[in-house]
Amino acid sequence: MKKHFLITAGPTREPLDPVRYLTNRSSGKMGYALAGAARHEGHRVTLISGPCDLDVPEGVDYLPVETAAEMYGAVERYIAKSDIAIFAAAVADYRPAHVPEHKIKKTGDTLTIDFIKNPDILGSARTEFGYEGTLIGFAAETENVEENARGKLQRKGCDFVVANDVSRKDIGFDSSENEVMLVFAEHTEPLPKDDKYQLSLDIIARALAI
Ligand code: C5P
């Protein structure tokens, strides 16, 4: 059965002033691999992506966004149409409370910027958006990987969470390979280290089996 996937990918970019922004090291490779693999298997794919230097897989409905607030808006708008939603984006947890109209000047020896919390997009899926389809989150952890991922799964109402240890240098961020475990409510399934496209096929197969 062909399904409709909604996938978030990449980093977000939060402006500090008209010429500067705050972002993170996400390359988007995992989310784009998921989008390409799902499309290749004949599914319909909506890819909501922060700024990435990657080719958009052919045949995918592509929605570029910059900030977490924009990503939230795009997910809110499109999630009801999807059967399977996979949140692979690395969303900034905070954004500057005020973005000045003009460039911040080099005046003092220190600079203090107040940040406010961004909306938790994954955490809003079941609650704010009333989403009832299959929901998959990612968890990038540096310690207690499985335990932290299971907490996330329960808090956010996911069917499973794809967890990886980002303290390891050989996998994860910007790498084309990753080693993850799929954390379900009652069990954990470690997947062997593989390239992100092959892992995507495994993740999609598990998602379709729910
Ligand atoms: O709690 P944490 O940010 O580590 O959770 C990671 C998961 O939540 C990822 O699937 C990420 O895409 C998603 N997320 C989100 N919106 C946020 C923060 C994280 O959708 N504001």
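Only this structure's heavy atoms are used, side chains among them; waters, hydrogens and symmetry mates stay out. One-based numbering, in listed order, for ligands and for the atoms of each. In this chain, numbering begins with 1 at the start of the sequence shown.
The minimum heavy-atom distance between F184 and E189, with the atom names listed, is CE1-OE1, 4.0 Å. Across every non-hydrogen atom of V183 and E146, the tightest pair is CG1-O, 4.2 Å.
Within the structure, ligand 1 lacks S124 among the residues with a heavy atom less than 4.0 angstrom away. Ligand 1 is approached by A89 to a heavy-atom distance shorter than 4.0 Å. Ligand 1 lies nowhere less than 4.0 angstrom from a heavy atom belonging to N118. For E141, the closest heavy-atom approach to ligand 1 does not fall below 4.0 Å.
Close contacts between ligand 1 and G137 involve ligand atoms 10 (O) [criterion: under 4.0 Å to a heavy atom].
Scanning the protein heavy atoms around atom 10 (O) of ligand 1, the nearest turns out to be F87 O, 2.6 Å. Annotation: atom 2 (P) of ligand 1 to nearest protein heavy atom, K152 NZ, 3.5 Å. Counting protein heavy atoms only, atom 1 (O) of ligand 1 is closest to K156 NZ, 3.0 Å. When hydrogens are left out, the protein atom nearest atom 3 (O) of ligand 1 is D93 OD1, 4.1 Å; that is the closest non-hydrogen contact. Looking from atom 9 (C) of ligand 1 to the surrounding protein, the closest heavy atom is F138 O, 3.1 Å.
Between D17 and K106 there is no salt bridge, since none of the side-chain N atoms of the basic residue sits less than 4.0 Å from a carboxylate O of the acidic one. A salt bridge links K152 to E141: at least one charged side-chain nitrogen sits closer than 4.0 Å to a carboxylate oxygen.
In terms of N/O distances under 3.5 Å, ligand 1 is not approached by A139. Residue-to-ligand polar distances place I121 within reach of ligand 1: an N/O pair is separated by less than 3.5 Å. Residue P119 has at least one nitrogen or oxygen atom sitting less than 3.5 Å from a nitrogen or oxygen atom of ligand 1, judged on distance alone.
Considering L135, V91, N148, T8 only, the shortest heavy-atom separation from atom 19 (C) of ligand 1 involves V91. By heavy-atom distance, the residue among V162, T12, L122, V161 lying nearest atom 20 (O) of ligand 1 is L122.
With a heavy-atom cut-off of 4.0 Å, A90 does not touch ligand 1 at all. Heavy atoms of M71 found under 4.0 angstrom from ligand 1: none, in either backbone or side chain.
When the shell of 6.0 Å around NZ of K2 is examined, it contains more than 12 heavy atoms from other residues, nucleotides or ligands. Counting non-hydrogen atoms of other residues, nucleotides and ligands closer than 6.0 Å to OH of Y94 gives a total of 12 or fewer.
S49 and Y32 share a donor-acceptor pair across their side chains, judged by distance under 3.5 Å alone.
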- Item | salt bridge (Lys or Arg N to Asp or Glu O under 4.0 Å) between D202 and K193, worked out | CA-CA 12 Å; D202 290 342; K193 182 173 167 179; over 6 Å; no
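The ring of Y72 has its center closer than 6.0 angstrom to the ring center of F129.
F87 is not listed as a side-chain neighbour of I136, based on a closest heavy-atom distance of 4.5 Å or more.
Using the six-membered ring where Trp is involved, H40 and Y197 have ring planes that are perpendicular, over 60° apart on the 30 and 60° scheme.
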